[in-house]
Amino acid sequence: MVRLLITSLIFNLISCLTIGQQKQHIIEAAPFVGSNFTLTPAVDYTFTSYGLHLKHVKRRTEYKNWQQYFNLPNTGQELLLAQYSYNGYSITLNTFIEFDFLRSERHELFISPSLGLAYTSETSASIIDYRLVSLPINVSTKIALGYRYMISPTWNISTEYLLSHFSNGNISSPNDGLNMKAWRLGLGYTFGEDYSADHQPYEKSQYDRFYSQVSIGMSLKSNSNNDYYGFVNGYANIGLSFHPFHRIIGGVGIFMNNPYSSIRATPQTGICLGYQIIVGRIGFLFQPGWYMNSPKRYYQISLQYYLDSPLFINASLRTTKQFFSEDLAFGIGIDF
């Protein structure tokens, strides 16, 4: 996790240092107030929260086909400083992308998914009977629905409704995760060259209708006694591309998740069907699945980075149907 934190910090630092390569930038500061939300009744930790949301939005000078298709999305970094009523505080650093439903010279209505790392001051080691998180460093995910109004070419006001979650991917137990919903209202300052919301129509590129994909991933997890052991997951998928950036994908997964001991580990097999979106070199995959030896359902969420097509590296999170983490694996795969 420490290596992951250092990598994320370096990535965000490089992104900020290359600020001169962008056409226009927006710096926003917004206070927020919020509270918890629960995914299941079993995890019932009620709290209120407040804090500060700092955001750096980048608008690029050149756009590729996928960016034109998605209405020229903005990218950037964000920092969330949150104080909780009795759960201490957290510091979250994310990288995000903003997809616009509406864009004009004065208005922007967007949805913004983000991914990063979070530090929390309170864990199960510091609070008795605290089951939200057991590690101070966690993986952060957030999605927000936002609106930005340009008061002038330089200043804007913005508002967002956001859902935030962080947990450790079941690397350590307990790991119920901290979930927050919040409203924020802020003020932004724009600098750089003039920006135009106009763009050229999307040009369709060639792509293969059918494809297949295999991948393997591995990592560590802990049991109820916090004893660590390794595991391996393998996937074989076939898919249908109905657009260069959109795919239907389904297949089989084999999960070697039992602790390695004198007792032979028994693999689990699952079948899944889902959706994959390709954004430049980044692939995002969501697959609901069902175990073949039981009626239980699971969800597979993967983030892929294509090194040189068709080779990619990926991080895959498998959860229960209540979205509790079962494992977080890192691996490699290939498209055919």
Starting from the C-alpha separation in whole Å, work towards a yes-or-no answer on side chain to side chain contact (heavy atoms under 4.5 Å, CB included) for Ile277 and Phe286. CA-CA 9 Å; Ile277 183 173; Phe286 178 74; over 6 Å; no
Before giving the answer on side chain to side chain donor-acceptor pair (under 3.5 Å), spell out for Ser140 and Thr92 the whole-Å C-alpha distance, their side-chain angles and the decisive distance to 0.1 Å. CA-CA 7 Å; Ser140 165; Thr92 304; 4.7 Å; no
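- In this structure the side chain of Leu178 never reaches within 4.5 angstrom of the side chain of Ser90, judged on heavy atoms.
- Although no hydrogens or angles enter the test, the distance criterion places no donor-acceptor pair under 3.5 Å between the side chain of Arg103 and the main chain of Glu108.
- Between Ala329 and Ser219 the shortest heavy-atom distance is CA-CB, 4.0 Å.
- From Ile27, atom CD1 reaches atom CG of Leu187 across 12.0 Å, with rounding to the nearest 0.5 Å.
- Distance check, rounded to the nearest 0.5 Å: CD1 of Ile216 to OH of Tyr235 gives 10.5 Å.
- Scanning all heavy atoms of the two residues, the minimum distance from Ala82 to Phe32 falls at CB-CZ, 3.8 Å.
- Formation of a donor-acceptor pair under 3.5 Å by the Arg106 side chain with backbone atoms of Ile151 is found in this model.
- Using a 30° and 60° split on the angle between ring planes, Tyr84 and Phe47 fall in the perpendicular class, above 60°.
- Looking at heavy atoms from C-beta onward, Leu79 lies out of side-chain contact with Leu52 at the 4.5 angstrom threshold.
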Please evaluate residues Ile313 and Leu307 with respect to the criterion side chain to side chain contact (heavy atoms under 4.5 Å, CB included), reporting the C-alpha separation (whole Å), side-chain torsions for both, the decisive distance (0.1 Å), and the verdict. CA-CA 7 Å; Ile313 57 175; Leu307 300 170; 3.8 Å; yes
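- Between the side chain of Glu28 and the backbone N or O of His56, no donor-acceptor pair lies under 3.5 Å.
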Worked check of salt bridge (charged side-chain N to carboxylate O under 4.0 Å, His left out) between Lys55 and Glu78: CA-CA 4 Å; Lys55 194 172 183 179; Glu78 61 184 358; 5.1 Å; no
Candidate pair Phe255 and Tyr298, rule ring pair (Phe, Tyr, Trp, His ring centres under 6.0 Å), full reasoning: CA-CA 12 Å; Phe255 315 110; Tyr298 68 91; 5.5 Å; yes
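- In terms of heavy-atom proximity, Leu162 sits nearest to Ala144 at CB-CB, 3.9 Å.
- Under the 3.5 Å distance criterion, with hydrogens and angles disregarded, a donor-acceptor pair is assigned to the side chains of Gln287 and Asn237.
- When atom types are taken as modelled, the side chain of Asn138 and the backbone of Phe166 share no donor-acceptor pair closer than 3.5 angstrom.
- Between the side chains of Ser302 and Ser316, a donor-acceptor pair is found at a separation under 3.5 Å.
- Here the rule is side chain to side chain donor-acceptor pair (under 3.5 Å) with Ser172, and of Ser124, Ser167, Ser134 only Ser134 fits it.
- In this structure, Val214 is not a member of the same hydrophobic cluster as Phe210, with clusters built from ILVMFWY side-chain heavy atoms closer than 4.5 Å.
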Checking Trp155 against Tyr189 for the ring pair (Phe, Tyr, Trp, His ring centres under 6.0 Å) test, could you report, in this order, the C-alpha distance in whole Å, the side-chain angles of both residues, the deciding distance, and whether it holds? CA-CA 5 Å; Trp155 295 96; Tyr189 176 76; 5.1 Å; yes
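- From Leu317, atom CG reaches atom OH of Tyr299 across 13.0 Å, with rounding to the nearest 0.5 Å.
- One finds the OG atom of Ser212 at 7.5 Å from the CG atom of Asp335 (value rounded to the nearest 0.5 Å).
- Taking both residues in full, the closest heavy atoms of Gly88 and Gln83 are given as O-NE2, 3.1 Å, listed atom of the first, atom of the second, then distance.
- Across every non-hydrogen atom of Gly177 and His165, the tightest pair is CA-CE1, 4.0 Å.
- Here OG1 of Thr190 is found 3.5 Å from CE of Met150. Values are rounded to the nearest 0.5 Å.
- When all heavy atoms of Ser121 and Ser126 are compared, the closest pair comes out as O-OG, 4.4 Å.
- Hydrophobic cluster membership is shared by Phe101 and Ile143, with clusters built from Ile, Leu, Val, Met, Phe, Trp and Tyr side chains linked at under 4.5 angstrom.
- Clustering ILVMFWY residues whenever any of their side-chain heavy atoms sit less than 4.5 angstrom apart, transitively, puts Ile248 in the very cluster that holds Ile301.
- Atom OH of Tyr50 is surrounded by 12 or fewer heavy atoms from other residues, nucleotides or ligands within 6.0 Å.
- In the hydrophobic cluster analysis, where Ile, Leu, Val, Met, Phe, Trp and Tyr join through side-chain heavy atoms closer than 4.5 angstrom, Tyr89 is grouped together with Leu54.
- Although no hydrogens or angles enter the test, the distance criterion places no donor-acceptor pair under 3.5 Å between the side chain of Arg247 and the main chain of Leu240.
- Between the side chain of Thr48 and the backbone N or O of Ser85, no donor-acceptor pair lies under 3.5 Å.
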Go through it in stages, so that I can follow the logic: the residues are Thr95 and Thr75, the test is side chain to side chain contact (heavy atoms under 4.5 Å, CB included), and I'd like the CA-CA distance, side-chain angles, deciding distance and then a yes or no. CA-CA 8 Å; Thr95 295; Thr75 59; over 6 Å; no
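- Between Leu185 and Thr159, some side-chain heavy-atom pair lies under the 4.5 Å cut-off.
- Using a 4.5 Å heavy-atom threshold, the side chains of Leu163 and Asn179 count as separate.
- Between Phe231 and Met218, the closest side-chain pair of non-hydrogen atoms is not below 4.5 Å.
- Using a 4.5 Å cut-off between side-chain heavy atoms of Ile, Leu, Val, Met, Phe, Trp and Tyr, with links allowed through other members, Val232 and Met292 fall into different hydrophobic clusters.
- Counting only heavy atoms from C-beta outward, the side chains of Ile334 and Gln213 never approach each other to under 4.5 Å.
- Considering CG of Asn175 and CG of Asn168, their distance stands at 3.5 Å, rounded to 0.5 Å.
- The backbone N or O of Asn74 lies less than 3.5 Å from no partner atom in the side chain of Arg59, so there is not a single donor-acceptor pair.
- Inter-residue side-chain proximity for Tyr147 and Leu102 is flagged as unmet; no heavy-atom pair is nearer than 4.5 Å.
- Residues Ile97 and Pro113 meet the side-chain proximity criterion, which asks for heavy atoms closer than 4.5 Å.
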